[in-house]
Amino acid sequence: MISQWCKDRGIELSDPVLLVNEDGITESDRDHFLSLLKKMSSTFPEQKEAAKELRMLTKRMPSFRALFSESTHAIPQLLSPLSEGKFEDGIHPELQEDVITTLLNLSIHDNNKKLVAETPMVIPLLMEALQSGTIQTRSNAAAALFTLSALDSNKALIGKSGALKPLIALLDEGHPLAMKDVASAIFNLCITHENKARAVRDRAVKTILKKIANCVHVDELLAILAMLSSHPKAVEEMGELGGVSCLLHVIRETNCGRNKENCIAILHTICLNDRTKWREIREEENAYGTITELAQNGTSRAKRKASGILDRLNRAVNLTHTA
């Protein structure tokens with residue numbers, strides 16, 4: 001998943017050029033790296049120049065990403081221009097974008113993920129970047145959280161820090177450039193039960209249903225919704241917010257088997273937990289035969305879930321007639 005994401009962004013995962021040692025790092029590289037970090041605590045023009053070069057080098061040369069794991073001071077030095085009270089007029093947008101993007105680039109390196117996330121100022125600065133700066137900065141902050149959340153320990157740390165709330169707010173805002181990175185970060189984080197609960201609390205269900213209804217990134221958002229459907233409060237909210245009609249509409253209109261499967265799996269969970277929605281589903285079935293069609297022609301999992309819903313509906317009808 002991350003390797004494809006890197007390809008889409010033109011970020012190198014391996015370095016075919018530097019063959020000087022095991023990591024492809026020369027002493028000249030190391031000296032240049034240290035001089036750039038030193039500039040990050042210097043004058044504003046030098047900070048801008050150094051940040052831009054670090055952004056470029058960590059994108060093109062994996063060996064430069066590896067250098068950040070050699071010292072616990074390197075990441076704080078990189079982030080020093082973004083620390084509180086640095087500029088009277090606030091953080092310069094271009095400088096912020098370069099620093100956050102550099103942080104994203106070095107987070108791709110597996111040996112950096114734990115170090116980056118556990119550096120105290122990183123997650124708060126990423127959360128701040130989700131809410132301010134250029135849209136590229138905000139998107140790259142979401143992408144950094146996505147790459148860092150590959151580690152389970154980081155999922156917990158990011159969730160506890162409150163990062164889901166600004167991620168969901170950015171998803172709700174709906175800027176096309178940021179949507180995919182935001183959805184990817186939310187999906188990864190919600191793999192853990194604790195983060196599912198946080199996402200539900202931060203109104204993820206309402207935001208996601210609204211986007212799906214507007215046909216925005218339906219594939220990614222249905223996958224998140226299916227994951228959240230293991231949380232009772234999320235299922236309750238889906239029922240209250242018109243989720244049944246929304247999901248039935250997607251099943252009718254989409255040609256994507258995976259999307260149909262996610263929709264019917266969510267509907268099956270709703271059926272198990274809320275009998276009041278059976279009537280709406282039965283009316284849909286009587287009008288369009290949506291569930292029967294899926295029970296006959298869906299994926300193997302979709303067929304099972306659709307058949308399960310039909311069994312429940314039929315038993316309810318039989319009980320009514322018997323009574």
Original post:
Of all heavy-atom pairs between C190 and L164, which one has the smallest distance, and what is that distance?
Top reply: SG-CD2, 4.4 Å
Subject >> Closest heavy-atom pair and its distance - I168, A199 >> reply: CD1-O, 3.7 Å
**OP:** Please step through side-chain contact (heavy atoms from CB on, under 4.5 Å) for the pair E94 and K48, ending with a clear verdict.
**Re:** CA-CA 8 Å; E94 187 178 337; K48 280 186 66 179; 4.0 Å; yes
Original post:
Between the side chains of Q96 and T137, is a donor N or O closer than 3.5 angstrom to an acceptor N or O?
Top reply: no
Original post:
In Å, rounded to the nearest 0.5 Å, how long is the span from CD1 of I309 to SG of C271?
Top reply: 4.5 Å
Subject >> NZ on K305 to OG1 on T299, rounded to 0.5 Å >> reply: 10.5 Å
Subject >> Side chain proximity check, L225 to L247, heavy atoms < 4.5 angstrom >> reply: yes
**OP:** Answer yes or no: does atom NZ of K303 have more than 12 heavy-atom neighbours from other residues, nucleotides or ligands under 6.0 Å?
**Re:** yes
Original post:
Can you find a heavy atom in the side chain of L126 that is under 4.5 Å from one in the side chain of L148?
Top reply: yes
**OP:** Sort out for me which residue in I158, N154, T192 forms a side chain to side chain contact (heavy atoms under 4.5 Å, CB included) with S149.
**Re:** I158
Original post:
Side-chain contact, heavy-atom cut-off 4.5 Å: K196 with M227?
Top reply: yes
Original post:
Any Lys/Arg nitrogen of R282 or E285 sitting under 4.0 Å from an Asp/Glu carboxylate oxygen of the other?
Top reply: no
Original post:
Got a salt bridge between R138 and E173, using NZ or NE/NH1/NH2 to carboxylate O under 4.0 Å?
Top reply: yes
Original post:
Just wondering, do N273 and E236 contact through their side chains at under 4.5 Å, heavy atoms?
Top reply: no
Under 3.5 Å, which donor-acceptor pairs do the side chains of residues 213-224 form with other protein atoms, sequence neighbours left out?
| from | atom 1 | to | atom 2 | distance (Å) |
| --- | --- | --- | --- | --- |
| N214 | ND2 | K210 | O | 3.2 |
| D219 | OD1 | N259 | ND2 | 2.8 |

**OP:** Mark yes when over 12 heavy atoms from residues, nucleotides or ligands other than K277 sit less than 6.0 Å from its NZ; otherwise mark no.
**Re:** yes
Original post:
For the hydrophobic clusters of this structure (ILVMFWY residues joined by side-chain heavy atoms under 4.5 Å, transitively), does one cluster hold both L272 and I251?
Top reply: no
Subject >> D98-T101 side chain donor-acceptor pair, cut-off 3.5 Å >> reply: no
Original post:
Looking at OG of S80 and CG of L37, how far apart are the two atoms once the value is rounded to the nearest 0.5 Å?
Top reply: 8.5 Å
Original post:
Would you call R252 and E284 a salt bridge, taking side-chain N to carboxylate O under 4.0 Å as the test?
Top reply: yes
Original post:
Taking it one step at a time, do L78 and L106 satisfy side-chain contact (heavy atoms from CB on, under 4.5 Å)?
Top reply: CA-CA 11 Å; L78 169 69; L106 66 94; 3.7 Å; yes
**OP:** Let me know which of T134, L170, D181 forms a side chain to side chain contact (heavy atoms under 4.5 Å, CB included) with S139.
**Re:** D181
Original post:
Is there a side-chain contact between I186 and F146, using heavy atoms and a 4.5 Å cut-off?
Top reply: no
**OP:** Would you check if the distance from the ring center of F68 to the ring center of F33 is below 6.0 Å?
**Re:** yes
Original post:
Charged N to carboxylate O under 4.0 angstrom, E237 versus R203?
Top reply: no
Subject >> Single-linkage hydrophobic cluster Y288~I264, side-chain heavy atoms < 4.5 angstrom >> reply: no
Subject >> R275 charged N/C atom sitting above W278 aromatic ring, 6.0 Å / 45° >> reply: yes
Original post:
Does S107 reach the side chain of N112, with side-chain heavy atoms less than 4.5 Å apart?
Top reply: no
**OP:** Begin from the C-alpha positions of E53 and L36 and carry the test side-chain contact (heavy atoms from CB on, under 4.5 Å) through to its verdict.
**Re:** CA-CA 8 Å; E53 188 167 358; L36 289 173; 3.6 Å; yes
Subject >> Joint cluster assignment, L267 & L313, ILVMFWY side-chain distance < 4.5 Å >> reply: yes
Original post:
Does any non-hydrogen side-chain atom of R198 lie less than 4.5 Å from one of K160?
Top reply: yes
Subject >> M40 side chain reached by L54 side chain, heavy atoms, under 4.5 Å >> reply: yes
Original post:
Got more than 12 heavy atoms from elsewhere within 6.0 Å of CZ, R279?
Top reply: no
